[in-house]
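The structure appears right after this line, and notes come after that.
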There are 2 protein chains.
Amino acid sequence: MPAPAPRARAALPKTAGSRAAKASGAKAAGTPAPVAAPQEARRDPRRRVLDAAIACFTRSGFHGTSMHEVCTEAGMSPGALYRYFPSKEAIIIAIVEEERAARASLLERLDGATGFVEGLAAMGHALFSGEMPMVCVELGPEISAEASRNPVLKAKFDEVEAEMTDAIRRAFVAAQARGEIDPALDTDAALVMINAIGDGLLLRRRLEPELPLAQMMPALGHLIGRMFAPAHRSVPSDKAP
Amino acid sequence: MPAPAPRARAALPKTAGSRAAKASGAKAAGTPAPVAAPQEARRDPRRRVLDAAIACFTRSGFHGTSMHEVCTEAGMSPGALYRYFPSKEAIIIAIVEEERAARASLLERLDGATGFVEGLAAMGHALFSGEMPMVCVELGPEISAEASRNPVLKAKFDEVEAEMTDAIRRAFVAAQARGEIDPALDTDAALVMINAIGDGLLLRRRLEPELPLAQMMPALGHLIGRMFAPAHRSVPSDKAP
DNA sequence: ATGTCAAGAACGAACGTTCGTTCTCATCAC
DNA sequence: GTGATGAGAACGAACGTTCGTTCTTGACAT
C-alpha cells in the first residue's frame, strides 16, 4: 500500500456545516444503536469494536458499513478505534479469526454425536436454533463473498475452512470404516456435497430468515442419512418427516 | 436542491481522443478492457453497459465497482451511460431481470431429462461446464448477498427465485407420482435441500474456481438420487463413482 | 455535389456527498 | 512532567450523478 503524503493542515473555517438535511441518500439501511450503554464503555475496547462491527456488517454488509457507523455502534471515536485496529480490513480479518474458535466448538458436536449424520444434524441445529453465539450464521455468506475477491481475507478464510473440512472428512472416513456409511461412496464428492449443503443453508437463512431451519433439521438430517446409508440397509427412519 | 452554478466551459482544445489507457488507479483489481473494440461501439448501448457491468461486478462486486469502471469497460462516458440507466441499482435490477430468461432455459433441462434426478444433474452440468452463457454462475452469490439487504433488488430477486423453485417443486411432485421418488418424503424439506445444494455449489464455484464441478456432477447426481430414491428399491447406481 | 441545420448521442469536468483515515488537542494516571 | 488514551474535526480521495458543451448524423434545400 502506497504511503499517503502527509497532509497540510490549513485552518480554513469552511462552510460551517451544510445544515440542510438533504433528505438523506437513497441508502435504505437500519439505524445504528443510539449510543453505547454506560457500563458498556468499561469493556475491552477491542471486543467492543468487534461486536459493533459484527452487528453493522450483518446489517449492511462490509462495503455498506462506514467506519463512522462502527464507531457509533461501539460508542467510540474514530481516533480511539484506529488505536486498536489499523484498518477496516483488519477488523474483518479479526472476525474471521474469531470464527475459528467458534467453528472448533461446533465441531465438537460432530464427534460427540451417536453417528456421523446425527452429528451433522446436531451441528445444523446448533447453527440455526440460535443457541450458538455464532458469527458465521449471519456473516458467513458476507465473508465468503468478500473473500472471493480480497486475497488477504481469502487466505485467512481458507485456513478456517480447511480446518472445518478436514475434520468433517476424518469423521466421514471413520464412519465409513464403522459401516455407517456406504463404503462405495466417493469421499471427495460427499464432502463437496456436505459443504454445499452447509453453505447453501446459511445463505438461505440470510435470504429467508423466517424459514424455520432449526425445526427442519430432523427432516434435512433424514435426507442426508438416505444419501450416505449403505445401499442394502433400509434407512433407520427414526425421524421420518 | 440548491441549484448548482452553471459551469463555465472554456473552449480548451483538449486531448483530442484521450486514447491513453490512463494506467488505472491503485484499486487492486483486474485491468478493465483497454479500450472498446472498434465494432464494439456499434452494438446496442444498453447491452454494452449490461455486459460491462456483469464483468465488473463479477470481478469486484457491486459496491466494489465504481461507475467509472463500468464506463471504461463499456467504452462509454458517464453521460452516455446515464442516458440508458437511471442509476447503478437499475443496472443490477436489469441484470437480475435477464437472469429470469436464462433460468427459464435452464429449467428446460429439467423437463427434458429422463427423470427428475437426471434433470437436476443436467442443470448442474450446464451451469458448471460453462456451456451456458449464464450470469448467475458468477454473479449469483453476489446478487443474493446484495438482495439480502436491498429491498428493491430483493423483490426482483424473489420473483425470479420463486419461478425457479415452483418449477422444481412441480417436477418433484410429478416424479413422486411416477414412483420415481419416495412418496414418504416431505416436499418442503426436499426443496430446501435442493435449493441449498444449488446455492452452495454456486458459492463453492466462486471460492474454488479450479474445482471441476462439471466433472463431479455424475457423482453428485448419484448422491442426490440416493437421497430421493424409494426406500426399498436398490439405487440404480448406473454411475457409481 | 454541396451547404444548412436541427436532433440527440456522447463527452467529461465538476458537483455535493461520503468514505476510510489521520490529525490536533484535551484528559487522565502516575 | 510524561506517556497512554480518547474525542472529534478535518483531510484528501473517490464515489454516484449531473449537465453544459461538442460531435455525429442525415434530411433537406440549393
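If you're wondering where the values come from, they're calculated on a predicted model, not measured in any experiment. Lettering follows sequence order; numbering is per chain, from 1.
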Residues in salt bridge (charged side-chain N to carboxylate O under 4.0 Å, His left out) with A:Asp111, at least two apart?
-> none
Rounded interatomic separation in angstrom, taking CE from B:Met67 and C1' from C:dC15 = 16 Å
May I ask you to test the A:Ile54-A:Glu73 pair for a side-chain heavy-atom distance under 4.5 Å?
-> no
Within this structure, what is the CZ-to-P distance between B:Arg46 and C:dA10, rounded to whole angstrom?
-> 14 Å
How long is the line joining CD of A:Glu69 and C1' of C:dT21, in whole Å?
-> 16 Å
Is there a side-chain contact between A:Arg59 and A:Thr65 (heavy atoms, below 4.5 Å)?
-> no
Side-chain touch B:Ile194/B:Arg169, heavy atoms, less than 4.5 angstrom = no
Below 3.5 Å, can you tabulate the donor-acceptor pairs from side chains in residues 90-97 of chain B to any protein atom, sequence neighbours excluded?
unit_1	atom_1	unit_2	atom_2	d
B:Glu97	OE1	B:Lys156	NZ	3.2
B:Glu97	OE2	B:Arg100	NH1	2.9

Residues from residues 77-89 of chain B lying under 4.0 Å of DNA chain D - heavy atoms = B:Pro78, B:Gly79, B:Tyr82, B:Ser87, B:Lys88
Rounded interatomic separation in angstrom, taking NE2 from A:His68 and P from C:dT18 | 11 Å
Please report the C-alpha distance between A:Met67 and A:Tyr82 in whole Å, then the side-chain angles of each, then the deciding distance to 0.1 Å, and finally whether the side-chain contact (heavy atoms from CB on, under 4.5 Å) criterion is met.
-> CA-CA 10 Å; A:Met67 291 302 271; A:Tyr82 273 87; 3.3 Å; yes
At a cut-off of 3.5 Å, list every protein nitrogen or oxygen paired with a nitrogen or oxygen from nucleotides 28-30 of chain C, distance to 0.1 Å.
none

Residue pairs passing the salt bridge (Lys or Arg N to Asp or Glu O under 4.0 Å) test with at least one member in residues 75-91 of chain A, sequence neighbours excluded, are none
Consecutive-pair stems (at least three Watson-Crick or G-U pairs, under 3.5 Å) that include DNA chain C = C:1-30 with D:1-30
Short N-O contact, B:Arg149 and B:Glu146, less than 4.0 angstrom | yes
Is the backbone N or O of A:Ser66 less than 3.5 Å from a side-chain atom of A:Glu69, with the two atoms forming a donor-acceptor pair by type?
-> yes
Charged N to carboxylate O under 4.0 angstrom, A:Asp158 versus A:Lys154?
-> yes
Main-chain N/O of B:Ala145 paired with B:Ser148 side-chain donor or acceptor, under 3.5 Å = yes
Between atom CE in A:Met76 and atom P in D:dT5, what is the gap in whole Å?
-> 12 Å
